[in-house]
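Source: prediction; values computed, not measured.
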Amino acid sequence: MSLLSSYEGLRQEIQRLAQENEELRRLVQLIQENQELKLVLRSRGNSLSLCGSNFLSEATANPRLQKRKTIRFKDVERVLPGLPAEEPFLDSSFNVMGSPEGRFHFAIDRGGTFTDVFAQCPGGHVRVLKLLSEDPANYADAPTEGIRRILEQEEGVLLPRGRPLDTSRIASIRMGTTVATNALLERQGERVALLVTRGFRDLLHIGTQARPDLFDLAVPMPEVLYEEVLEVDERVVLYRGEPGAGSPVKGRTGDLLEIQQPVDLEALRGKLEGLLSRGIHSLAVVLMHSYTWAQHEQQVGTLARELGFTHVSLSSEVMPMVRIVPRGHTACADAYLTPTIQRYVQGFRRGFQGQLKNVQVLFMRSDGGLAPMDAFSGSRAVLSGPAGGVVGYSATTYHLEGGQPVIGFDMGGTSTDVSRYAGEFEHVFEASTAGVTLQAPQLDINTVAAGGGSRLFFRSGLFVVGPESAGAHPGPACYRKGGPVTVTDANLVLGRLLPASFPCIFGPGEDQPLSPEASRKALEAVAMEVNSFLTNGPCPASQLSLEEVAMGFVRVANEAMCRPIRALTQARGHDPSAHVLACFGGAGGQHACAIARALGMDTVHIHRHSGLLSALGLALADVVHEAQEPCSLSYTPETFAQLDQRLSRLEEQCVDALQVQGFPRSQISTESFLHLRYQGTDCALMVSAHQHPATACSPRAGDFGAAFVERYMREFGFIIPERPVVVDDVRVRGTGRSGLQLEDTPKIQTGPPHVEKVTQCYFEGGYQETPVYLLGELGYGHQLQGPCLIIDNNSTILVEPGCQAEVTDTGDIRISVGAEGPSMADTRLDPIQLSIFSHRFMSIAEQMGRILQRTAISTNIKERLDFSCALFGPDGGLVSNAPHIPVHLGAMQETVQFQIQHLGADLHPGDVLLSNHPSAGGSHLPDLTVITPVFWPGQTRPVFYVASRGHHADIGGITPGSMPPHSTTLQQEGAVFLSFKLVQGGVFQEEAVTEALRAPGKISGCSGTRNLHDNLSDLRAQVAANQKGIQLVGELIGQYGLDVVQAYMGHIQANAELAVRDMLRAFGTSRQARGLPLEVSAEDHMDDGSPICLRVQINLSQGSAVFDFTGSGSEVFGNLNAPRAITLSALIYCLRCLVGRDIPLNQGCLAPVRVIIPKGSILDPSPEAAVVGGNVLTSQRVVDVILGAFGACSASQGCMNNVTLGNARMGYYETVAGGAGAGPGWHGRSGVHSHMTNTRITDPEILESRYPVILRRFELRPGSGGRGRFRGGDGVVRELVFREEALLSVLTERRAFQPYGLHGGEPGARGLNLLIRKDGRTVNLGGKTSVTVYPGVREGACVINRDTKI
């Protein structure tokens, strides 16, 4: 390459030709105005290229820069003979952000409330700006307005609003935006139709079947994004070589496929034209197995575009990964959001001359990488805003703190985002936002509904923060718009926010300062409730001052924000105290010290631009291009060459895409990933081999096997070396390094820090004098002792007493957090401490659950989430139970208390107990409960207990899956454990438990466990989960003392008791006011005619009740018998639902009630009675009866619809959803699990790929819910075709007695189980049976519901 400027004759010739060519004339003018711009000759090929001198090195390495303009020379032969007549003009706007070519670089975070603008100006200095995201009275678009203001200020030229901005001085614009998120939350996206394989029209409505809130009877769930559904006549299945099957085709995973039905495009054409006529122009196409066979979707997409659809999202292109449900949701989100984003982008472009033609415009994606404006799509945009903050602290704090792992803490107005960075971004590939599950690479960001705008409540003796938020309008009380009291108001009352540091943008006219008076007035109303409770409550205590109440709410908010951080660290094997807390966001600085101290962290790092770190993160981010494709190869030496070939091809795609965007190869890096899992499991990990170089026994791209084993061990605590490893996907992430290099240097200290003023802030113990510093006046080396406030234009940082802040050499604030002092709590009831202990106890149960899910091996526990974990007091009473499976709620308490009574003094340190017997508090035999008593130094008896209950896939018995439909004795249902020491003296009793699990095989017609390996692995996982609970409670005791922790175990139970008493009083008072008796009753029947009877007597003065089940049927000769513990579980579930708000779920819920259950009845059978159906069927009927007595809602589907399939080679178990009952004010939810279960169902593509079945239909059964003013939820139709001989078992109810309606509403339809033989005969299987099925046989299960009319 040579400088053309050395060819004087050529320069003159170009100047002459410029007189005849407008584009060249503008180029010459630009050269004359900017002396740094030179003309260069690129010797590659016969082309003359022009670009800026600061890109000579890039042009040398990479001849393919983006956005080439063509300059046509009239007399090109006179310039250089032999050159073509068209010359590419390289657009020099595609450069590294911050390169000193005299133009502006903007990074903009458009949030829900504020838009933050970070600009690097000519000369390298930085200017920042914050403005409202919505201010239609003054401007149409906040990012455009922010750019206009900075250009106006820097250039000194008036730039009128509404006039397109000149882009000649703008090099690049980077943006993170909540446009997609807001459209998703507010359901304001494009009108969309879903095209799906016939038989699956309601698949995305049903989803996983699970409901998000166990105790909300209305089952609120976000509606689907599509407006209409078209079923496509086509079908692809995996090839199994059955007789009559056609020739197989090979999918892109390598799997052999059978095209059972090609796409019927002619039938589809008319339907698509109908959609267009109804104004729908965006489609999501989701066909079965399109992740490996995309041709059918492509054919549909081609037809749709020919007909005129403006946007078509093919699931095989949006995210080609197995699992049709999340892939379908992702395609729908893409079709729903991408047109909205494109409209926003087009509107943004119109604010600039030439519509940003020569400006590099990049948008932040959910995975933390930037993408060109035209490639920014809806499915990758949902975390666009929060991702910028993660990139920001990863590029600053992590390196400045010497590579110490960092927790990102981004506290905004309505919520707080937490994330983790330890040298690489932590991605997830399936996550839910606004109720929509997206299958796309996303940064692992956990959100908790606690922010500055979170509302404050006092409920039944508890301080409650959120999840309700004041929002931007009306906002907190201090905004002067009549808003509610919030966390921001509490901080203002405590003196931790200074109104003078905020602009005057509040009040109806948006021209007033914050109002401390409004905050105090709003908080005083809540303080009156608190003090009324303290004076008149069950434990009278001294009243609290307004500041003590405010401080209490802040402490509770801090504990709420600690929970997701513990989940992100402790539950994944990381120590939170080993991390630095990187705090950013407008509200985070007021809470950072307290959060860090509570988690044991000793350092808080607050970037000098923390108030707009997300915008800075955009400036520091790199451009990313990803390529991914599905795979089904095993990870073995025989496949390494194929894997290398695939990875190389994807790497080439990434490099080419980035080079087209203007990156030289020297600025491009790639990272290869394999999505690996053990065969037979559903838990796949996306692993990179960048820390595991290739060996002679690995692919050339790296030792992915070693990386997988290392990460699996770290995350799950075990490996399965005997199982093959399978590759689900291959992926390459290409990165074009383009981030800003910050050049501004901090101010050097010239003396002691200047104290702007001294204010009064409230801390534990009272007000303290608190110096106030301005961040802009602090210099490197300044040290500030807490308490103090550090204020800049965008945030307020509180340095608490015992902490010390210093200004680093980069101008950031590093706070050394002092150790937490000894707890001042005592055993007396303090409502603030009670609220904090409520969070801590629940966090313990939740983390136990995460450990169990992480370390278990079986699908039932790891994927279907059929487990529960809980903490119990020294008397065995339930203290906290994470909201896992409702049927386990009360039963586990019975199990623990039985062991205490049964073993007495025979409980020793190092013992772990195993039990599943119904007379010992068991639910049914597959639910194995592992109990660990916990001893404390100086105590002779256990001081508390932890327990975990998990459903094991098989523990023996007369049928595979241990769910026999016709069992008549307990022994036929599998292995029985009354009180078994699984661990004794710290030693796992593998031999003894193995013998017990195989023991059913000694009974005629029975088998021992058919899956011993998984049994033992899951039992070890339950022991590990209990051990985690012990560790966490031990930390709590170490902090507060044993007497305080045990006292608050009692207080938290008393609080739940109070909430239930309040509910019972309110119910009785309501009936009394209407002249109705204080006694209610209800009755329903099992399909065999057995009655379930209930009479409830309310004692209004005591707030208590008697629940009398006298009259219920006798023990049955079958398995519908429900152990007493099941009825207690159903009762505690119903009481929690009836309370109607979040309360501690524990033994206290049952304290106000007396339960009468006749011995020998179906609800309290003899010890040897069969009970497997009682757990999954009778429990649902008990709930229907209780809720019916209270008139809370009509009946649910009334069973769990158990389906088991097995032979010598495989075993499969599922529960099928139905409908939820309607209630006073809501329609019943269709196609969802209700009441006593909430397990997930296997994705259809996973089901067909791993088991010998074809799922023909899985859809709602319209009209089955029952008519009324409020309709009952519809049931489902699920049709399976069998491809191998196997034993099919169904265990179902509501096939004889319909689910009832209330207040005149019609009942729901009965369910039906049909078997369709190959010869066409249709056989009604009845509700409970086992039958051998053969290839080609179909089985359909119809699950239904009811209604209520109000």
Side-chain angles (χ1 to χ4, degrees), residues 189-205 224-238 246 249-253 255 257-339 342 377-379 439-440 629-630 1243-1245 1248 1254-1259:
E190 187 79 354
R191 294 180 65 193
V192 173
L194 168 66
L195 274 64
V196 69
T197 301
R198 181 167 297 282
F200 297 94
R201 65 171 185 258
D202 302 307
L203 181 64
L204 300 188
H205 173 98
V224 293
L225 301 179
Y226 51 85
E227 186 175 319
E228 292 193 37
V229 181
L230 293 184
E231 292 185 276
V232 180
D233 291 308
E234 67 83 40
R235 196 60 162 96
V236 176
V237 299
L238 276 81
V249 295
K250 195 170 188 177
R252 56 180 169 176
T253 59
D255 288 315
L257 307 168
E258 177 186 345
I259 311 299
Q260 289 196 337
Q261 182 177 2
V263 183
D264 189 342
L265 294 175
E266 283 309 308
L268 189 59
R269 181 183 294 272
K271 297 176 183 178
L272 290 175
E273 290 170 344
L275 288 178
L276 288 170
S277 69
R278 294 190 291 276
I280 296 178
H281 295 88
S282 184
L283 298 180
V285 185
V286 185
L287 304 182
M288 279 287 287
H289 299 294
S290 63
Y291 67 96
T292 184
W293 186 257
Q295 285 87 331
H296 284 185
E297 285 192 356
Q298 291 166 355
Q299 293 173 37
V300 172
T302 300
L303 173 61
R305 294 184 183 101
E306 288 174 356
L307 291 174
F309 283 90
T310 56
H311 185 85
V312 181
S313 293
L314 306 182
S315 75
S316 54
E317 294 178 355
V318 173
M319 181 46 65
M321 294 180 73
V322 67
R323 287 187 175 83
I324 188 174
V325 172
R327 191 176 74 249
H329 280 305
T330 306
C332 286
D334 195 75
Y336 187 75
L337 298 174
T338 300
Q342 290 173 343
S377 64
S379 60
Q439 192 180 46
E629 62 182 33
D1243 186 273
E1245 290 178 344
E1248 292 191 358
I1254 297 173
L1255 183 61
R1256 283 294 181 209
R1257 288 197 294 166
F1258 191 31
E1259 57 193 18

Test item: Glu190 and His311 side chains (from C-beta on) under 4.5 Å apart, heavy atoms: no
Evaluation steps, side chain to side chain contact (heavy atoms under 4.5 Å, CB included), between Leu195 and Val232: CA-CA 6 Å; Leu195 274 64; Val232 180; 4.0 Å; yes
Closest contact, heavy atoms only, Leu230 versus Lys271: CD1-CB, 3.7 Å
Straight-line distance of Leu1255 CG to Ile324 CD1, nearest 0.5 Å: 9.5 Å
Ile280 versus Ala193, closest heavy-atom pair with distance: CG2-N, 3.8 Å
Separation between OH of Tyr226 and NE2 of His329, rounded to the nearest 0.5 Å: 8.0 Å
Distance-only criterion, 3.5 Å: show the donor-acceptor pairs between side-chain atoms of residues 281-292 and protein atoms not counting sequence neighbours.
from   : atom 1 : to      : atom 2 : distance (Å)
His281 : ND1    : Gly279  : O      : 3.3
Ser282 : OG     : Ala335  : O      : 2.8
His289 : NE2    : Glu1248 : OE1    : 2.8
Ser290 : OG     : Leu287  : O      : 3.1
Ser290 : OG     : Glu297  : OE2    : 2.8
Ser290 : OG     : Ser315  : OG     : 3.1
Ser290 : OG     : Arg327  : NH2    : 3.2
Thr292 : OG1    : Arg252  : N      : 3.3
Thr292 : OG1    : Thr253  : N      : 3.3
Thr292 : OG1    : Thr253  : OG1    : 2.8

Phe1258 side, atom CZ; Asp1243 side, atom CG - distance, nearest 0.5 Å: 10.5 Å
Pairing residues for Glu228 by the salt bridge (charged side-chain N to carboxylate O under 4.0 Å, His left out) criterion, not counting sequence neighbours: Arg278
In a table with atom names and distances, give each donor-acceptor pair under 3.5 Å that connects a side chain of residues 261-270 to protein atoms at least two apart or in another chain.
from   : atom 1 : to     : atom 2 : distance (Å)
Asp264 : OD1    : Ala267 : N      : 3.1

Residue list, salt bridge (charged side-chain N to carboxylate O under 4.0 Å, His left out) with Glu1259, at least two apart or on another chain: Arg201, Arg1257
Heavy-atom pair with the smallest gap, counting every atom of Val318 and Ser379: CG1-OG, 3.5 Å
Residue pair Val300 / Leu314, side-chain heavy-atom distance below 4.5 Å: no
Salt bridge (charged side-chain N to carboxylate O under 4.0 Å, His left out) partners for Glu317, two or more places apart: none
Residue pairs fulfilling side-chain hydrogen bond (donor to acceptor under 3.5 Å, both in side chains) with at least one residue in residues 299-309, sequence neighbours excluded: none
Residues in side chain to side chain donor-acceptor pair (under 3.5 Å) contact with Glu227, at least two apart in sequence or another chain: Arg191
Test side chain to side chain donor-acceptor pair (under 3.5 Å) applied to Thr197 - qualifying residues, sequence neighbours left out: Glu234
NZ/Lys250: more than 12 non-hydrogen atoms of other groups inside 6.0 Å: no
Minimal non-hydrogen separation, Asp334 against Ser377, with atom names: OD1-CB, 3.4 Å
Side-chain heavy-atom pair Ile259, His296 within 4.5 angstrom cut-off: yes
Minimum heavy-atom distance between Gly189 and Tyr336, given as atom pair plus value: N-OH, 2.9 Å
Side chain proximity check, Leu204 to Cys332, heavy atoms < 4.5 angstrom: yes
Which atom of Pro1244 lies closest to which atom of Leu203, heavy atoms considered: CG-CD1, 3.9 Å
